[in-house]
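Each chain gets a letter, A, B and so on, in the order the sequences are listed, and its residues count up from 1. Both backbone and side-chain heavy atoms feed into the values below; hydrogens, waters and symmetry mates do not. Quick caveat: nothing in here was measured; it's all calculated off a predicted structure.
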Amino acid sequence: MDLRFTAAEESFRAEARSWLERHVPGPPLPSGDTREGFGAHVAWEREMFAAGWSVVSWPAEFGGRDASLWEWLVFEEEYYRAGAPARVTQNGIFLLAPTLFEFGTREQQERLLPRMAGAVDLWCQGWSEPGAGSDLASITSRAEPGADGGWTLNGQKTWTTRGAFCTHLFGLFRTDPAANRHRGLGYFLVPLDAPGVTVRGFARLDGDEGFAEVFLDDVPVGADAVLGAPDRGWQVAMATTGSERGLTLRSPGRFVATFERLRRLAAQHPDRVDDGVRDLLVQCWLETESYRLATLAAVSQISVGRPPGAESSLTKLHWSELDIRMHEAAAVLRGAEAALDDEWSRGFQFALAGPIYAGTNEIQRNIVAERLLGLPR
Amino acid sequence: MRFAFSQDQQDLAAAVGQVLTQHCPPTVVRAAWERGTPPRAAWDRLAAMGLLGALVPEADGGLGLLPVDVVLCWEAAGRSALPAPLAETVVGVPLLAAAGDRGLAAAVLDGSRILTVVLDGSGLAPYVPGSDLALVGSVDGVGLVVDPADSAEPTAAVDHARPLGRLGPGAGTPLDVDPARLAELWDRGVVACAAQQLGSAAAMLDLTVAYVRVREQFGVPVGSFQAVKHRLADAALAVAKARPVVYAAAWALGADAAAAARHVPAAKILATQAARTVAAAALQGHGAIGYTTEHDLHLWLKRAWALAGAWGDERTHRRTLAGCLDLTTSGEATA
């Protein structure tokens with residue numbers, strides 16, 4: 001056991017830190033969940049791609065640096081430490097890309113991955129529908145096969161993050177009308193400028209147009225729009241849920257950086273740090289450090305071919321509740337100023353989404369109880 | 001970077017686990033509850049394995065290991081609710097050997113004399129009566145008491161399997177020890193206790209899961225109710241939060257002093273929170289049957305409650321941690 005990074009990993013860290021120091025935009029960019037801000041974030045993504053930093057863990061042939069999972073973890077730490085912009089490509093690179101690597105044809109990978117890394121194609125996730133949130137298998141959007149091997153898509157997706165600004169959508173559609181639930185689903189890659197697609201953005205809690213409804217009316221897509229077998233969409237979508245994807249969604253760097261901001265906030269108001277506030281801050285540090293160490297343990301297991309299974313549900317519960325606790329601590333420290341619309345209050349509002357997305361915390365608790373503890377369904 | 005145990009470390013823990021499964025099943029814990037004395041068969045087997053001298057240099061008859069090598073063993077002891085001062089003996093005997101009384105140290109290593117330790121300044125020594133030797137004091141100074149039951153004021157402990165004898169703060173023959181060694185003993189004891197709490201929490205969770213899977217009401221197992229599932233999921237989460245920190249603290253002791261300064265108090269706080277969360281969920285999950293001394297659960301509950309305040313309570317460790325993190329209150333000087 002050795003909880004220190006190697007000299008090579010520390011040197012990688014130094015390289016990342018140096019590049020980020022020189023390139024992270026001065027005043028923070030406007031929110032990536034607004035039209036103007038999205039454009040600025042895309043420009044940032046292209047700058048990262050040009051320097052080889054946008055997808056460090058990908059093979060070099062697709063725009064990455066073949067970085068190990070450890071190096072990726074280090075890069076994420078440095079990225080958040082530098083206060084770098086939010087990744088508007090994250091739904092593509094963290095959710096779609098692992099699926100493409102595992103199930104995509106060579107042609108799909110070569111066509112889609114470099115454009116994704118280079119923020120030429122901007123991907124949003126089309127999972128939820130008005131009638132299908134936690135119960136994803138109850139989706140009704142459908143795909144009808146065409147004579148030429150292509151498909152016609154009909155239906156509606158909602159809660160699509162940054163859907164109004166993206167160029168492409170990946171989503172689940174029912175390919176077999178006779179099948180129900182998780183059977184007979186296909187995983188589709190859809191250009192949002194295809195005929196029949198209508199996108200309507202709407203505001204999330206903080207007022208930014210961060211959500212969209214996507215209406216599909218007889219949308220034609222080609223045979224190459226399907227990822228994996230057309231009736232195995234559920235399995236394709238779920239395959240990476242418990243492994244790398246569970247990890248890559250929320251690296252500790254984000255929460256370590258939030259704690260450091262919280263610590264600086266406390267240092268700015270020493271008169272407000274009484275015993276209760278101190279204990280709250282210590283608890284935040286404890287849970288952040290625990291999360292960081294738990295991630296190192298998880299990566300150690302992945303590195304020897306043992307990806308986490310249902311344990312990733314514990315991970316999700318941990319970071320999502322920690323994020324809220326840290327922002328609540330900040331609100332306690334700020335007192336009346338917590339009512340101002342700024343980074344902390346926006347961060348608080350965004351933290352509230354944590355227990356809802358990536359599988360609600362109620363679902364995650366069910367998974368922990370049933371799959372980890374073995375309690376009856 | 002590798003945050004995982006080696007095969008050797010896992011093998012040692014497995015061997016200890018086997019000894020405890022065989023010689024410290026719940027019936028043995030219950031017998032200790034009734035008699036108030038440590039189980040000799042289990043203790044002698046652990047001595048024969050060399051575990052008691054795990055942290056003693058090989059030149060002095062020990063295994064010459066580090067805390068990271070034995071943390072899983074302490075966890076196993078916690079899981080079995082071993083009613084004996086394993087943590088105390090293992091972390092205390094190296095000091096005894098270094099302080100010069102090799103004969104006494106050897107007797108501890110071979111299991112013939114049981115050593116306990118109380119260094120939190122309270123003088124409330126665990127397993128007294130039951131121990132032959134006691135190191136008593138604080139990180140500022142320690143004394144050795146021989147046959148502590150003779151001079152200790154008896155008390156009534158909630159955990160009858162872990163009797164408490166009250167020794168005065170200046171009790172025993174003062175030992176001339178290097179303050180760094182005393183600090184090392186303290187840190188190791190804190191981690192050993194935290195590891196036992198981790199094991200204890202895991203055992204209570206397993207007991208409760210097993211129970212709610214079979215206990216039926218309204219025609220179904222009570223474990224199928226979402227309220228029960230979610231309570232136990234939260235218990236599992238609390239254990240999952242404590243585990244990596246306990247292991248990291250064990251590694252840091254002997255590898256990274258700066259990390260140890262934070263991880264040692266962190267381990268005790270999180271392990272205590274986990275044990276408390278699981279104990280409450282376990283009692284509630286068992287319902288009325290857990291609220292008896294006939295059922296085994298109370299043996300684990302009472303040990304969990306006792307260990308929460310042993311080797312420094314949450315408040316003490318939180319203060320230490322706040323100092324390390326430069327999070328001092330408005331009433332204190334900045335670190």
Going by heavy atoms in the side chains, are A:Arg278 and B:Arg319 under 4.5 Å from each other? yes

Chain B contact residues among residues 257-268 of chain A, heavy-atom distance under 4.5 Å: A:Phe259, A:Arg263

Can you confirm whether the side chains of B:His230 and A:Glu362 place a donor and an acceptor under 3.5 Å from each other? no

According to the ring pair (Phe, Tyr, Trp, His ring centres under 6.0 Å) rule, which pairs have a member within residues 241-260 of chain B, sequence neighbours left out? B:Phe5-B:Tyr247

Ignoring hydrogens, what is the shortest heavy-atom contact between B:Ala233 and A:Leu314? Give both atom names and the distance. O-CD2, 4.5 Å

Please flag which part of A:Gln301 lies under 4.5 Å from any non-hydrogen atom of chain B: side chain, backbone, both or neither. side chain

Among B:Val68, B:Asp234, B:Ile269, who wins on heavy-atom pairs under 4.5 Å with chain A? B:Asp234

Residues from residues 210-220 of chain B approaching chain A under 4.5 Å (heavy atoms): B:Val212, B:Arg213

Where is the tightest heavy-atom contact between A:Ser300 and B:Phe3, given as atom of each residue plus distance? OG-N, 2.8 Å

Looking only at heavy atoms and a cut-off of under 4.5 Å, which of A:Arg292, A:Gln364, A:Gln283, A:Glu311 has the most pairs with chain B? A:Gln283

With side chains defined as the heavy atoms from C-beta onward, is the minimum distance between A:Leu286 and B:Leu321 less than 4.5 Å? yes

Within residues 368-377 of chain A, contacts to chain B at heavy-atom distances under 4.5 Å involve A:Val368, A:Ala369, A:Glu370, A:Leu373, A:Gly374, A:Leu375, A:Pro376, A:Arg377

Heavy atoms, side chains only, cut-off 4.5 Å: are B:Met1 and A:Glu9 in contact? yes

Does the side chain of A:Ser290 reach to within under 4.5 Å of the side chain of B:Leu270, using non-hydrogen atoms? yes

Nearest atoms (heavy-atom pairs only) where B:Ala4 meets A:Met1: O-CB, 3.5 Å

So does B:Asp256 get a backbone contact from the side chain of A:Arg4, meaning a donor-acceptor N/O pair under 3.5 Å? no

Rounded distance (nearest 0.5 Å) linking atom NZ of B:Lys241 with atom CG of A:Leu317: 8.5 Å

A:Ile367 CD1 to B:Lys229 NZ distance, which is reported to the nearest 0.5 Å: 11.0 Å

Which heavy atom of B:Ala248 sits nearest to which heavy atom of A:Leu293, and what is that distance? CB-CD1, 3.7 Å

May I ask you to name which of B:Gln9, B:Arg315, B:Gln273 has the most heavy-atom pairs under 4.5 Å with chain A? B:Gln273

Engaged part of A:Glu321 at the chain B interface, taking heavy atoms whose separation is under 4.5 Å: side chain

Given a strict heavy-atom distance threshold of 4.5 Å, which part of B:Ser6 is in contact with chain A: side chain, backbone, both, or neither? neither

When rounded to the nearest 0.5 angstrom, what distance separates CZ in B:Arg318 from CH2 in A:Trp285? 13.5 Å

